[in-house]
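The figures that follow rest on heavy atoms only: side chains count, while hydrogens, waters and symmetry mates do not. Lettering follows sequence order; numbering is per chain, from 1.
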Protein chains: 2
Amino acid sequence: MITLKDLANTLGVSVSTVSKALKDSPEISQDTIKRVKEIAKELNYRPNTLALSLKNRQTKTLGVIIPDILNPFFANTLYGIEQQANKLGYNIITCISNESFTKENDSINLLSNGSVDGFILSISQETQAKDDLNHLKDLLRQDVPIVMFDRTSQSIECDKVVIDDFMSTFNAVNMFIEEGRKKIILINTLGDLSVAKLRVLGYKTALEKSSNTNQEPIIINVDNAKDVRGYIKNMCEVHPDVDGVLCIDNKSGLVAVSALNRLNYNIPKDVSIVGFSSEEFSYLSDPVLSTVTQHGEEIGAVAVDMLVDRLTGNKKKPVSTTTVDFTIDHRGTTLKKS
Amino acid sequence: MITLKDLANTLGVSVSTVSKALKDSPEISQDTIKRVKEIAKELNYRPNTLALSLKNRQTKTLGVIIPDILNPFFANTLYGIEQQANKLGYNIITCISNESFTKENDSINLLSNGSVDGFILSISQETQAKDDLNHLKDLLRQDVPIVMFDRTSQSIECDKVVIDDFMSTFNAVNMFIEEGRKKIILINTLGDLSVAKLRVLGYKTALEKSSNTNQEPIIINVDNAKDVRGYIKNMCEVHPDVDGVLCIDNKSGLVAVSALNRLNYNIPKDVSIVGFSSEEFSYLSDPVLSTVTQHGEEIGAVAVDMLVDRLTGNKKKPVSTTTVDFTIDHRGTTLKKS
DNA sequence: AGCCAAATCTTTAAGTGTAATCATGATTTA
DNA sequence: TAAATCATGATTACACTTAAAGATTTGGCT
């Protein structure tokens, strides 16, 4: 670590001269500026971020708390966050709550002492179940800005980035109905997550409102994502006439395709399948999975924009919620190709 | 942000008294200690990490550079790194190089000014192709410790964590041979990556050394992972008698299962398939994919241990390479169940 | 009681790296 | 010679720790 002092010593001038010279201050002669810059380059001087942060009272670092890094949606979001943060001159400290309230809580407490300028987070499953959000309220009380994405809470007054979860399934079901599907089943592995509730509601509402069907909702709740295959097999015994499957998480759609293939359903002739995934994973199935795509990368980028805007711009402007458009991407498991 | 000074002012004592009181220094009277602690708790005082880092000349932060966060192996590793780092009192700053040399280089330069105490990284594909490792050599020259994992380089003298890539495929192929397989094909989507070379070599060597087969190696190189399905179909036309498929990346194994199912191969009766994946993804196929499992989580944890050991312990001890055991997990796509 | 030494408690000062304000000294100009 | 200009230096603040110095109280002894 080479410091201003080191440069000053080797040049025989004072620390402040060096500091000013490096900033092209008009107070310093061109000659000195040149000498200073030369030696700085030679010794590969880099200003110490720590000292700068202390002085400027900002770390140029964002805290990011993700519930589950193996979930492709969150991985995508993290990628978007990292990219955009870098672009705007910020680093990110990443914590993985692993769906645990305690870990989430600890991580926030650990970082909320000036280590980061603000937080981007999606709350853990456990936190949403307990509905204990005091750690977030404390942050706001300390004027640490937060941007929540995907899994948010109405009781926290902060900027948010979401997709329209209700409309995502509402539209997907309507698409099924347009295809002429009569028995559309929803598979939920997300329990009582806020987004799951909205997606389930979108499904139910679409069925209710449609005049082309009077199907009752059929919702299969699966605790452990690894059991999806078994549940689908059972479902096909009870409802052999299933002709639409809607999976509201990131992996089950793929399982559904392979399970229904195995049961000799012709996809998409006999049955349409839609999952919630991103392009990078949909091609793992045959036919390639059609999905509601959440565009996590963009969600992450928008979250960073909102946070940085609050950090640098008008801090007191009212909080807002940005809705990033989802898309319904027709690939091989639906009839309607776009 | 409440500081020692704030506490000192409200109590009418000096800053250092407060500092010592909070540390239970014997120099401070029990009475004062109690008063200080009470007010500190009341005002929710938290020592400023920045100031501490500056003073202690260590940030308690590790830089982590990952080539691709959507790759489940790297996601797993990141998870292991984060867990273990937290356990040892470190935070991590994550950068995603996205397989780009420039991004990797920039990230390292940005963090190597005292922002982090050391690095854990796996080099990007582009870096490995260019074989330009000056950014890493610079780090070592500046005495910033590095731990490389998975994708390493012999020309960098630092601690490393790897699996025995050669033995992974060597053993997998031998397992195929024990099953009586006669035509074992390797699918490589990893190009010239160091690990790919070793895995290909293990495959070739196993075929050569076996007395039970005199099969020539058949290696299918696929540039874009999304094309794997097509290549497998072609392969089955050329070699309809294929009875073993070895995929050396994290996703292709799943594609292979669904492709061969579709072509009416009976898995695992007609053909065995082994991929490189982790448990969280293998269940997406039917039958459930058997895999060489890399245990990314443990690799990450070991990397942190090695780095922290170097940071806190004997800095001058010779570098070492830890080999984390892989396992071959027999699930549904191989005959031999263990 | 009076005094000093010892023990106890608290403060001062220095140091971590940087940048901005203010101050100083030197040179040149009027 | 005074004033203006110019180049550089000293100081301070950011938040924290710690060694050393200073202040206060306690206790023992005459």
Side-chain angles (χ1 to χ4, degrees), chain A residues 1-37 39-40 43-61 89 110-117 142-144, chain B residues 1-37 39-40 43-61 89 110-117 142-144:
Chain A
M1 277 284 41
I2 179 109
T3 71
L4 283 184
K5 200 191 223 169
D6 297 329
L7 297 183
N9 285 342
T10 61
L11 280 163
V13 297
S14 78
V15 170
S16 41
T17 305
V18 177
S19 172
K20 288 177 195 168
L22 290 173
K23 297 207 124 54
D24 284 313
S25 161
E27 297 176 57
I28 306 294
S29 67
Q30 284 306 317
D31 180 54
T32 312
I33 290 184
K34 203 180 152 203
R35 283 197 305 140
V36 170
K37 285 195 174 175
I39 202 108
L43 299 183
N44 192 27
Y45 166 76
R46 325 276 292 288
N48 183 317
T49 322
L50 248 37
L52 280 177
S53 295
L54 188 60
K55 188 163 175 36
N56 299 334
R57 298 147 151 281
Q58 57 163 341
T59 59
K60 287 282 190 176
T61 303
L110 220 63
L111 294 179
S112 64
N113 58 349
S115 298
V116 299
D117 295 341
Q142 293 167 49
D143 274 319
V144 179
Chain B
M1 277 285 42
I2 179 109
T3 70
L4 282 185
K5 199 192 223 170
D6 297 330
L7 297 183
N9 285 342
T10 62
L11 281 164
V13 296
S14 79
V15 170
S16 48
T17 304
V18 178
S19 172
K20 287 179 188 166
L22 290 174
K23 297 199 129 54
D24 284 313
S25 161
E27 297 175 56
I28 306 295
S29 65
Q30 283 307 314
D31 180 51
T32 311
I33 290 184
K34 202 179 155 205
R35 282 196 305 140
V36 170
K37 286 195 171 173
I39 203 107
L43 299 183
N44 191 27
Y45 166 76
R46 325 277 290 288
N48 183 318
T49 323
L50 247 38
L52 279 176
S53 296
L54 189 58
K55 180 137 190 42
N56 299 335
R57 296 144 155 287
Q58 57 163 342
T59 60
K60 288 281 191 176
T61 303
L110 220 64
L111 294 179
S112 64
N113 58 351
S115 297
V116 299
D117 296 341
Q142 293 167 49
D143 274 321
V144 179

side-chain hydrogen bond (donor to acceptor under 3.5 Å, both in side chains) involving [X] - partner list, sequence neighbours excluded:
| X | result |
| --- | --- |
| B:K55 | none |
| A:D6 | A:T3 |
| B:D24 | B:K37 |

Just verifying a value: how many Å separate [X] [atom1] and [Y] [atom2], rounded to the nearest 0.5 Å?
| X | Y | atom1 | atom2 | answer |
| --- | --- | --- | --- | --- |
| B:L50 | B:M1 | CG | CE | 10.5 Å |
| A:N44 | B:Q142 | CG | CD | 5.5 Å |
| A:T10 | A:I2 | OG1 | CD1 | 7.0 Å |
| B:L4 | B:L11 | CG | CG | 11.0 Å |
| B:L110 | A:T49 | CG | OG1 | 7.5 Å |

May I ask you to say what [X] touches in the nucleic acid, namely base, sugar-phosphate or nothing, with a heavy-atom cut-off under 4.0 Å?
| X | answer |
| --- | --- |
| B:T32 | sugar-phosphate |
| A:L4 | sugar-phosphate |
| A:S29 | sugar-phosphate |
| B:S19 | base |
| B:S16 | base |

Could you pull out every donor-acceptor pair under 3.5 Å between side chains of residues 28-36 of chain A and any protein atom, sequence neighbours left out?
unit_1 : atom_1 : unit_2 : atom_2 : d
A:S29  : OG     : A:T32  : N      : 3.2
A:S29  : OG     : A:T32  : OG1    : 2.7

For nucleotides 20-23 of chain D, print each protein N/O atom paired with a nucleotide N/O atom at under 3.5 Å, atom names and distance only.
unit_1 : atom_1 : unit_2 : atom_2 : d
D:dA20 : N6     : B:K20  : NZ     : 3.2

Exercise for the section: Measure the distance from CE on B:M1 to C1' on D:dA13 and round it to the nearest whole Å. Expected result: 17 Å

Practice task
Take the protein atom NZ of B:K23 and the nucleotide atom C1' of D:dA19, then report the distance between them rounded to whole Å.
Solution key: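 Nearest whole value for this atom pair: 15 Å.
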
Handout entry: Residue whose closest nucleotide on DNA chain C lies nearer the 5' end, B:S14 versus A:Y45
Key = B:S14

Exercise for the section: Shoot me the first and last contacting nucleotide of DNA chain C against chain B, ordered 5' to 3', at under 4.0 angstrom to non-hydrogen atoms. Expected result: C:dC9 to C:dG17

Practice task
Name every residue in residues 50-59 of chain A that has at least one heavy atom under 4.0 Å from any atom of DNA chain C, in order of residue number, or write none if there are no such residues.
Solution key: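 Nucleic-acid contacts, sorted: A:A51, A:L52, A:K55.
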
Problem - Those residues that, when tested against B:D117, pass side chain to side chain contact (heavy atoms under 4.5 Å, CB included) (two or more places apart) - result: B:Q58, B:T59, B:Y90, B:L311

Exercise for the section: Sequence neighbours left out, what passes side chain to side chain contact (heavy atoms under 4.5 Å, CB included) with A:N9? Give chain and number order. Expected result: A:K5

Practice task
Rounded to 10°, tell me the angle between the two end axes of the helix from C:dA1-D:dT30 to C:dA30-D:dT1, each built from five pairs.
Solution key: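 One end's axis against the other's: 80°.
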
Could you pull out every donor-acceptor pair under 3.5 Å between side chains of residues 15-22 of chain A and any protein atom, sequence neighbours left out?
unit_1 : atom_1 : unit_2 : atom_2 : d
A:S16  : OG     : A:S14  : OG     : 3.2
A:T17  : OG1    : A:S14  : OG     : 3.0
A:K20  : NZ     : A:E27  : OE1    : 3.2

Practice task
Kindly give the heavy-atom pair with the smallest separation between A:R46 and B:S112, and that separation in Å.
Solution key: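 In terms of heavy atoms, the two residues are closest at NH1-OG, 3.5 Å.
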
